[in-house]
Engineer: 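Attaching a single structure in structure tokens format; questions to follow.
Below, read A as the first sequence line, B as the second, and so on, with proteins coming before strands; counting in each chain starts at 1. Not measured: the values here are computed from a predicted model.
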Amino acid sequence: MRLRFGIQKKAIAGISLLLMALAVSLMWISVYQGSREIRAELLKRGRVAAENLAYNAAYPTMVRDANALRDFVDGVMAEKEILYCGILDADGNPLAERLRPVEEMVSEGVLDEGITSSPEARNFRLDAIRSCDVGTDGVCADDAGIVHFRVPITIDPPQSASMGPELELYSLGGDVPHDAHDKEVIGSAVIGLTTHYVEETIGDLRDKMIWITAVAILVAMLIVSIVVRLSISPINELVVATGRIASGDYDSKVGESRNDEIGDLARSFNKMTADLKTSRDALVEKELLEALVVELRETQEQLVQAGKLAALGQLAAGVAHEINNPLAGIMGYAQLLTEKLQRAAREGTTSEDIPRFISYVENMEKQSQRCKHIVQNLLKFARASTQEEMSEVDCNRVIQETLGLIEHQLEQSSIDVVTQFDPQLPPIYGQEGKLQQVITNIVINAMQAIEQRGTITISTSRHQNSVLMTIRDTGVGIPAELLNKVFEPFFTTKELGKGTGLGLSVTYGLVHEMGGRIELESAVGQGTTFTISLPAAEDASDGDAAPAGRHTRRDTRDADRT
Amino acid sequence: MSKPGHILIVDDELVIRSLLSEMLSEDGFTVTTAEDGQAGLEFMSNGQIDLVISDVHMPVMTGPELVSEVRKINPALPVIVLNSIPDRDIMPGFKDGSTTCLNKPFDLRDIRAAVQEARARQALPKGNIANDTPTIE
């Protein structure tokens, strides 16, 4: 699994780093400040001690009272931080001095054993302490962590008349350096102060601060991680829910209980999921519908084929009649010609024979042409309607040709067909095979509606941009309650085996496929009128040079052939 | 030889009428043609007809209708019916010996044979002493 560095970890790490930096700097600042103050305090203490010593030692120094000086020095040495204390005369020679034993200092860790164990080193140090250059402020720090204080011991010069000489002698002021030059310096008080204990305290302070900071950081990190986790976990929940949605589970919800931005996010998320579910459902429904439409279209295609077969069955008799007549003519004239030619071969020809033979052959050709047209018509009809290209179609011609296929059936049924064609009828843009099937179906339907004698009137006309074809029969009519059912597949009023119930439903589909409409009016006992409206070819109204040219070409070709 | 008679041809198809009249005239018959049954019946009421050749599917009057009308006038008159839709039995009730049914397209020899046979059948009951009849058998 890939290592993820998620928002939660980023947030925790970021906040923790910030906290750490803050805590460490705070700690550093306080330790720095603390140590500075502690050090300053030490210096102040040392200076005060030195100044006090200088003040107190003024008289004993002046009178060279060694015992008193020693007592002062011992008193000062009571402070454990003070390693050395001495009273020097004006020449720098010690009048009284005490050095903390070296062994003790080493064991206390105040001094490094290696540096200070030898007597030479000890003397050197003492010399160094005594002669330490303290500058104007009387302080000097050496490299071994010892701070030296040297305060001059002064007495006022005997010049004031208002005071007695003794009093003047005892008026001391070693702690006022700026007017020291007004006074007589009779020696100096020297104190060596170790910073060891202070540094120890500072070290302790630092250690404590480090510990406190570390603990504070840990606690803060803990709190941060808990807070972050609490804030982030709904987001994680969202992430998981998103994954579920992505895998198709639109019913998963996230908790909306929180009353903050994440709660808002959860509510938006749930709303989004619901919307998604709605649109997904709509999509699924749409896909289902599309599949149904495809299925319906296929079924309709099958219906068209079935209807076509049914219509072909209806047509078969008419076609047989249509074809058998010219065939009989061809066969008969061929036999007649054969007989005549045989006789002519035997007996020779007369002047009348040749024109007669020619008329026989002409008859045969004419009848063959008829057969050819019938076969062409039939093929056009049988051709799969979906494969047929859209083209400009002359409705009058198609109606005429279609009637040619059915007219003998009509004659046989004692039905008169009346056609009223508009000679100026523009072509439609459609499929001839479909149109032919439409007309066949409606005319056959009309034929079956006429019980004995009757008339079918077919008229064409133009209405705005449409071509209207009206097929009116004088048949039995359709009851009003069945009018809206006649276009339903398999609806038939005929007895079982007579009709498929496909004809008109297929007709309806075909007309709609060509962008047209079909309507019917009917009255029981008076007949039925079907009106088919198909869009006229677009450029039919103006110019229409191309279709005219095509017609001309066809006519020429036919003329050439005959 | 039985003398050629007068044949009435009823068919709405011009080509059938002209073909049959051409052939039968050649064979020595007198031929009259009619476009429909009505016209044929009118002609029959005016003159002597020995044989009728009729189409089945015609306007105005169908073949079977014509046959029934003919039978009303002369029950024994031979009729040859030409059927252009062969799978349909269009002549139920007319299998009476004087009606012959042929399918279109036909063979001229079959027409000739049917005409000869009908003429011979017609001739037999008329003259028992006829000498030429055996040739027809």
Side-chain angles (χ1 to χ4, degrees), chain A residues 313-344 350 352-353 355-371 374 403 406-417 452-455, chain B residues 9-29 31 33 35-39 53-67 80-91 101-115:
Chain A
Q314 304 265 19
L315 286 179
V319 170
H321 177 92
E322 274 290 285
I323 284 201
N324 282 337
N325 275 315
L327 270 184
I330 295 164
M331 270 177 69
Y333 276 113
Q335 287 177 355
L336 216 52
L337 184 62
T338 312
E339 286 174 9
K340 298 270 166 155
L341 286 175
Q342 281 167 348
R343 192 187 300 165
T350 65
E352 290 168 12
D353 280 346
R356 185 175 285 172
F357 294 166
I358 290 173
S359 82
Y360 290 175
V361 176
E362 278 174 353
N363 265 327
M364 285 159 65
E365 200 208 332
K366 207 184 287 169
Q367 300 309 315
S368 309
Q369 293 279 8
R370 267 181 72 187
C371 290
I374 292 160
L403 286 177
I406 335 172
E407 71 185 334
H408 283 84
Q409 266 163 297
L410 294 166
E411 282 166 3
Q412 191 192 344
S413 316
S414 311
I415 294 167
D416 294 325
V417 175
Q452 290 179 333
R453 291 193 172 271
T455 308
Chain B
I9 298 168
V10 186
D11 198 312
D12 59 325
E13 280 282 343
L14 173 67
V15 62
I16 303 295
R17 291 200 303 271
S18 56
L19 171 70
L20 291 182
S21 66
E22 176 100 33
M23 180 194 82
L24 293 169
S25 312
E26 287 284 320
D27 291 356
F29 292 97
V31 179
T33 61
E35 268 188 60
D36 57 60
Q38 203 70 55
I53 297 177
S54 171
D55 185 22
V56 174
H57 309 286
M58 291 182 295
V60 185
M61 184 181 281
T62 65
E65 280 167 354
L66 179 63
V67 173
I80 296 169
V81 177
L82 302 176
N83 182 15
S84 56
I85 307 175
D87 64 331
R88 285 199 193 160
D89 187 9
I90 31 82
M91 302 300 290
C101 203
L102 289 176
N103 286 333
K104 282 180 184 176
F106 42 74
D107 193 314
L108 286 187
R109 284 162 293 197
D110 293 341
I111 300 277
R112 273 205 190 94
V115 169

Engineer: Select one option (side chain, backbone, both, neither) describing which atoms of A:Lys340 are under 4.5 Å from chain B's heavy atoms.
Structural biologist: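 The side chain, not the backbone.
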Engineer: Against chain A, label B:Arg112 side chain, backbone, both or neither, depending on which of its atoms sit under 4.5 Å from a heavy atom there.
Structural biologist: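 The side chain, not the backbone.
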Engineer: Hey, does the side chain of A:Gln335 reach the backbone of B:Leu108 with a donor-acceptor pair shorter than 3.5 angstrom?
Structural biologist: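 Yes, A:Gln335 side chain to B:Leu108 backbone: donor-acceptor pair under 3.5 Å.
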Engineer: Can we say B:Lys104 and B:Asp55 salt-bridge, meaning some charged N sits less than 4.0 Å from an Asp/Glu carboxylate O?
Structural biologist: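 Salt bridge present between B:Lys104 and B:Asp55.
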Engineer: Can you tell me which portion of B:Leu19 sits under 4.5 Å from chain A's heavy atoms? Options are side chain, backbone, both or neither.
Structural biologist: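 When you check distances to chain A, atoms from both the backbone and side chain of B:Leu19 fall under 4.5 Å.
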Engineer: Between B:Glu26 and A:Arg356, is there a salt bridge with N-O shorter than 4.0 Å?
Structural biologist: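 Between B:Glu26 and A:Arg356 there is a salt bridge, with a charged N closer than 4.0 Å to a carboxylate O.
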Engineer: Which is it for A:Tyr333 and A:Gln367 under the side chain to side chain donor-acceptor pair (under 3.5 Å) test, yes or no, and what are the steps along the way?
Structural biologist: CA-CA 10 Å; A:Tyr333 276 113; A:Gln367 300 309 315; over 6 Å; no
